[in-house]
Number of protein chains: 2
Amino acid sequence: MAREKIERTRTLRLQDVAEAAGVSLATASRSLSGTSGVSEAVADRVRATARELGYVANLHARSLAAGTSASVGLVVHEIGDPYFSEIASGVLRVAAPAGLTVQICHSGRDPERELEQIRMLIANRVGAIVVAGSGFVDAAVQSTARAELQAYRQNGGRVAVIGRHHLGVDAVLPDNVAGGRAVTEHLLSLGHRRIAVISGSRALTTVADRLRGVADGLAGAGLDPDSVPVVEAEFTRAGGKAAVLETLASHPGVTAVLALNDDMAIGALSMLRSQGIAVPGRISVSGFDDVAVAGDLSPSLTTVRLPMVEMGEKVLQLALSDPTDRPRRRRVGHELVVRDSTAAPSA
Amino acid sequence: MAREKIERTRTLRLQDVAEAAGVSLATASRSLSGTSGVSEAVADRVRATARELGYVANLHARSLAAGTSASVGLVVHEIGDPYFSEIASGVLRVAAPAGLTVQICHSGRDPERELEQIRMLIANRVGAIVVAGSGFVDAAVQSTARAELQAYRQNGGRVAVIGRHHLGVDAVLPDNVAGGRAVTEHLLSLGHRRIAVISGSRALTTVADRLRGVADGLAGAGLDPDSVPVVEAEFTRAGGKAAVLETLASHPGVTAVLALNDDMAIGALSMLRSQGIAVPGRISVSGFDDVAVAGDLSPSLTTVRLPMVEMGEKVLQLALSDPTDRPRRRRVGHELVVRDSTAAPSA
DNA sequence: ATGAAAGCGCTAACAG
DNA sequence: CTGTTAGCGCTTTCAT
């Protein structure tokens, strides 16, 4: 990884402000950082001078000297994905009023790359790290990351994640199992019996948990979970298109497609439309997440709402709150949102 | 603005690595930063020790000592908005391979807040600042920002923006005028004569430019631009809903609604559907931007495609490239994407 | 209430 | 090729 260095030349230092205001460096520092021990008059004068001169403090120097950090790191799969951009929005909403800057980086759902990004954030001495991407079912793939994050925490760093990870840290847990069950029961109650699931990689805990909910729903209705085909593809719009095509070919009798996220559902909807297959007339489609556009599609998408913005807010609050001995879990609910893409099977 | 400080305790320093490897601080530094002047053997040993010990360099210290920066700032209106999240994705794709971290912050389309964020980024000593939000027609509202950014550049900082700003810096310019003209001509060629524009605030250069393109298109067809009503609302989905309602009330004969971004178009589509008005049967609707979902709506949205991811990539490349005396402009094209939401008027 | 001075962890001359 | 040393700009004891 090439490291691009951007050189900076000299700017105003606190020393310059101090001289201009006729005080010592220490007094100037106290005045600007609001530490007590300076007369109001002097402090005001210093602040005025600083403003006139257009002084801006060097946060690197401040961090180094004070040993504090005013920034947090956020690891997402891909910021262009609405699920993650809504989470990021929540994180930013909590960070800004607290005077914290947010460094965002991509993991690309690749544990190696995620580790690399985490290391970079640690090197940047961020005060907290938030991991928003899905966890992995296989605990081993994140074991190095786990170790590094633990060490980071030993040194005062804060960590919190969204979803089920094997990282041993505070977590915000979306209700994936119950959501999967709810949407399954919805399809079942409509009368569907020939359902196909289109899904992202089962290596992701998000997928595993949602699948587990689907199985629960099926079992609860006395059905054999194994009788329902699960077509695995990329956890994206393109993956949804591919998966629904495959489903059509291998299971032509299917009356409902249960997508494990909205992205795949949107892809499925688009593919079905281009194939001239009516939704929900011939096939019902459901999603998961309730991204902002879900309600504006046509047919509008029946899905499981997860409060992404709130999850982003909560996860940073969790990271910033006083650390506890044992990892905390904050569950956030789900809500089945029934719209127009699901209906009773026609036959 | 409260400043939340996160305290850190002692971690491994380069000095510790140097001692463990039995070399001096300087040699250790050279070994790890890849500076020449160290024998390969020694450098390897130092790197090995560093890895064993789990050493991660303190980037604040490095920045302070070397006067370089390995991070860039990105100012967006709102990261949850697909237009900006796609741009952010492009920025991240260029930043990561260059070893740069990206700090993202919200401007909320508020010049005051934008200025605040820019100041924070400067204080953070980012090597480059990218402003992705729209500019403002009134040059005065950004004059302070302009001055601070110029000073920042004097000190070696790099700046680039997306869109037409009065900031005197390098810019990536989307083809808003031509795009506005293209979509207008499309509607006109379909036979529409009673068109209404739904628009965000005219204070934004993005809006002003697109409006200008619309007027050009109208004039080119021998029509009076002033005869076309422009309904101004928030530049969001909710704004689109409100604006289309207002249009319906004040101009009931309208056969086409030209929205100045996809967000408003999506809101309009949604409102028209809930009002039982057929699109494009009774009213055609067009958007602008071509966000990822535009093609998956139903009816799929006719819109003007702007290459957001590419714009994000380009703007950071521009910022990172060697500075020139005069601001550079990189134009990016547009593409009219005709889909199902527009058709010839029925009457 | 104010000032002097000692670092924070690292890089970059400058010696050798 | 390697080590010594002086800062980078700021905060923070410790004196006064």
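Bear in mind that the values here come from a model prediction, so they are computed numbers and not experimental data.
Of the residues in residues 47-59 of chain A, those lying under 4.0 Å from DNA chain D by heavy-atom distance are A/Tyr55, A/Ala57, A/Asn58.
Considering all non-hydrogen atoms of both residues, A/Asn124 and B/His60 come closest at O-NE2, 3.3 Å. Closest approach of B/His106 to B/Gln117, counting heavy atoms only: O-CG, 3.3 Å. Closest heavy-atom contact between B/Thr324 and B/Arg153: O-NH2, 4.3 Å.
One atom, CG of B/Asp16, and another, P of C/dG9, lie 9 Å apart when rounded to the nearest Å. One can place CZ of A/Arg45 at 12 Å from C1' of C/dA1, the figure rounded to the nearest angstrom. Atoms CG (B/Leu25) and C1' (D/dT4) sit 10 Å apart, rounded to a whole Å. The distance between atom CG of B/Leu32 and atom P of C/dG9, rounded to the nearest whole Å, is 16 Å. Atom CG of B/Asn155 is separated from atom P of D/dG9 by 11 Å (rounded to the nearest Å). Rounded to whole Å, the distance from NE2 on A/His60 to C1' on C/dG7 is 19 Å. Per the geometry, CZ belonging to B/Arg125 stands 9 Å off C1' belonging to D/dG9, to the nearest Å. The distance between atom CG of B/Leu12 and atom C1' of C/dC10, rounded to the nearest whole Å, is 14 Å.
Between the base of C/dG3 and the side chain of A/Arg30 there is a donor-acceptor pair shorter than 3.5 Å. In this model, no side-chain donor or acceptor of A/Arg62 finds a partner on the base of D/dT12 within 3.5 Å.
Considering only the side chain of B/Ala61, C/dC10 comes nearest among D/dG3, C/dC10, D/dT12. The side chain of A/Val23 has C/dG3 as its nearest neighbour among D/dT11, C/dG9, C/dG3. The listed nucleotides are C/dC10, D/dG3, D/dT11; the one nearest the side chain of A/Ala66 is D/dT11. Which of C/dA4, C/dT11, D/dT2 sits closest to the side chain of B/Thr27 comes down to D/dT2.
Nearest-nucleotide mapping onto DNA chain D: of B/Val38 and A/Ala26, the residue sitting toward the 5' end is B/Val38. Along DNA chain C, the nucleotide nearest to B/Thr35 and the one nearest to A/Ala28 differ in position, and the one closer to the 5' end is contacted by A/Ala28.
The aromatic rings of B/His77 and B/Phe84 lie perpendicular to each other, with more than 60° between the two planes, well past the 30° mark.
The residue A/Ser39 sits close only to the backbone: its heavy atoms come under 4.0 Å of sugar-phosphate atoms, none of a base.
In the model, A/Glu19 has a side-chain atom that pairs as donor or acceptor with a side-chain atom of A/Gln15 under 3.5 Å. A donor-acceptor pair shorter than 3.5 Å can be found between the side chains of B/Ser321 and B/Arg328.
Look at A/Glu78 and B/Arg93 and you find a salt bridge, because one of the NZ, NE, NH1 or NH2 atoms lies within 4.0 Å of a carboxylate O, short of that distance.
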